Amino acid sequence: SQQGEEDPQALSIQEGENATMNCSYKTSINNLQWYRQNSGRGLVHLILIRSNEREKHSGRLRVTLDTSKKSSSLLITASRAADTASYFCATSQGGSEKLVFGKGTKLTVNP
Amino acid sequence: EAEVAQSPRYKITEKSQAVAFWCDPISGHATLYWYRQILGQGPELLVQFQDESVVDDSQLPKDRFSAERLKGVDSTLKIQPAELGDSAMYLCASSVTGVDEQFFGPGTRLTVL
């Protein structure tokens, strides 16, 4: 079963534009993580935000978390063609260490 | 930079055959995970090890899948017999404690004919 649902399923933008992806989840969480996956490759961890945090930054990435709405957003600023990939949110729930992934957003950045 | 190693990268097999995948996590990482990822979906956890012990195998189809991490370091995932529906990417990941970021290997792409 998948906990997170990313929105949109696919996003196509021009280089230099910002990209925003959203994630909604169903149950209370310990933390929420975002991962990137290039086609046919393994996943790369981008950022982890804990349930008591509201916003985190890492380079061109900005993640927000709204636990009252059970949602998170990932913003990539000044996108580059190399940002083309699928982006997944994953949640850790309750007393479990298990990560549950969403279906992902496929981002295409056109040069 | 330390990486999670997996082999083989690609495996083609016929249904009813046995297949095995190998994973070597980052040195010092106590927690090891096996995920299955169907095309167009997110990864789904099959089994999680803490050192040599299984922590969670609730989604592992135990009639045909088995996993072991005998010395608490590298791990093997086996499927016997393989079925057409097992075609997927099998990803291995490791983490220091199990509650922080996970580091993924490149995956093994399995095709069952």
Side-chain angles (χ1 to χ4, degrees), chain A residues 1-10 21-26 29-53 56 58 61 63 72 74 85-107, chain B residues 1-7 9-10 21 23-26 29-51 53-60 87-111:
Chain A
S1 62
Q2 295 188 300
Q3 155 82 319
E5 289 240 356
E6 289 89 343
D7 170 58
Q9 289 187 335
M21 288 158 271
N22 302 297
C23 170
S24 59
Y25 56 91
K26 297 174 184 174
I29 60 172
N30 299 320
N31 66 61
L32 186 146
Q33 303 182 35
W34 285 91
Y35 287 81
R36 183 187 75 227
Q37 184 178 35
N38 290 87
S39 182
R41 307 293 295 275
L43 282 75
V44 174
H45 181 266
L46 296 176
I47 201 161
L48 181 154
I49 186 164
R50 303 194 189 282
S51 60
N52 60 352
E53 297 176 310
K56 277 188 100 167
S58 177
L61 306 180
V63 168
S72 173
L74 170 66
S86 290
Y87 291 81
F88 295 90
C89 69
T91 54
S92 167
Q93 310 157 45
S96 172
E97 301 170 349
K98 178 178 177 177
L99 270 188
V100 181
F101 285 82
K103 294 183 178 181
T105 292
K106 187 170 184 179
L107 173 67
Chain B
E1 186 175 313
E3 294 181 340
V4 175
Q6 287 188 251
S7 66
R9 291 292 310 277
Y10 304 92
F21 313 131
C23 172
D24 191 13
I26 293 173
H29 282 195
T31 310
L32 184 147
Y33 314 81
W34 283 102
Y35 289 90
R36 176 170 59 189
Q37 185 178 25
I38 296 168
L39 193 64
Q41 304 283 320
E44 181 181 27
L45 181 70
L46 292 174
V47 61
Q48 176 180 340
F49 289 92
Q50 179 68 28
D51 299 311
S53 300
V54 173
V55 173
D56 187 336
D57 64 355
S58 57
Q59 299 301 313
L60 188 72
S87 293
M89 175 78 88
Y90 289 82
L91 294 162
C92 179
S94 68
S95 67
V96 176
T97 64
V99 295
D100 49 14
E101 66 178 290
Q102 297 182 19
F103 294 82
F104 282 79
T108 295
R109 170 74 66 187
L110 173 66
T111 302

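By convention in this document, chain letters (A, B, ...) are assigned in the order of the sequence lines, proteins followed by strands, and residues within each chain are numbered from 1. Only a predicted model underlies this, so the values are computations on that prediction, with no experimental measurement involved.
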Under 4.5 Å from a heavy atom of chain A, the part of [X] involved:
X	answer
Thr108(B)	neither
Tyr35(B)	side chain
Gln6(B)	neither

Query - Within-4.5 Å side-chain heavy-atom neighbours: Gln59(B) and Lys98(A) - result: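 Yes, close enough: below the 4.5 Å cut-off.
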
Query - Region of Leu43(A) in contact with chain B, defined by heavy-atom distances below 4.5 Å - result: both

Requested in this report: Could you look at Gln9(A) and say if it's the side chain, the backbone, both or neither that has a heavy atom under 4.5 Å from chain B?
Outcome: neither

**Report entry** With Tyr87(A) via ring pair (Phe, Tyr, Trp, His ring centres under 6.0 Å) - residues at least two apart
**Finding:** none

Query raised in the report: Should the heavy atoms of other residues, nucleotides or ligands under 6.0 Å from CD of Glu53(A) be counted, would the total exceed 12?
Result: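 Enclosed: over 12 neighbouring heavy atoms sit under 6.0 Å from CD of Glu53(A).
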
**Report entry** Under the salt bridge (Lys or Arg N to Asp or Glu O under 4.0 Å) test, residues paired with Asp57(B) that sit two or more places apart
**Finding:** Lys62(B)

Report summary line: When rounded to the nearest 0.5 Å, the distance separating OH of Tyr25(A) from CG of Leu32(A) is 6.5 Å

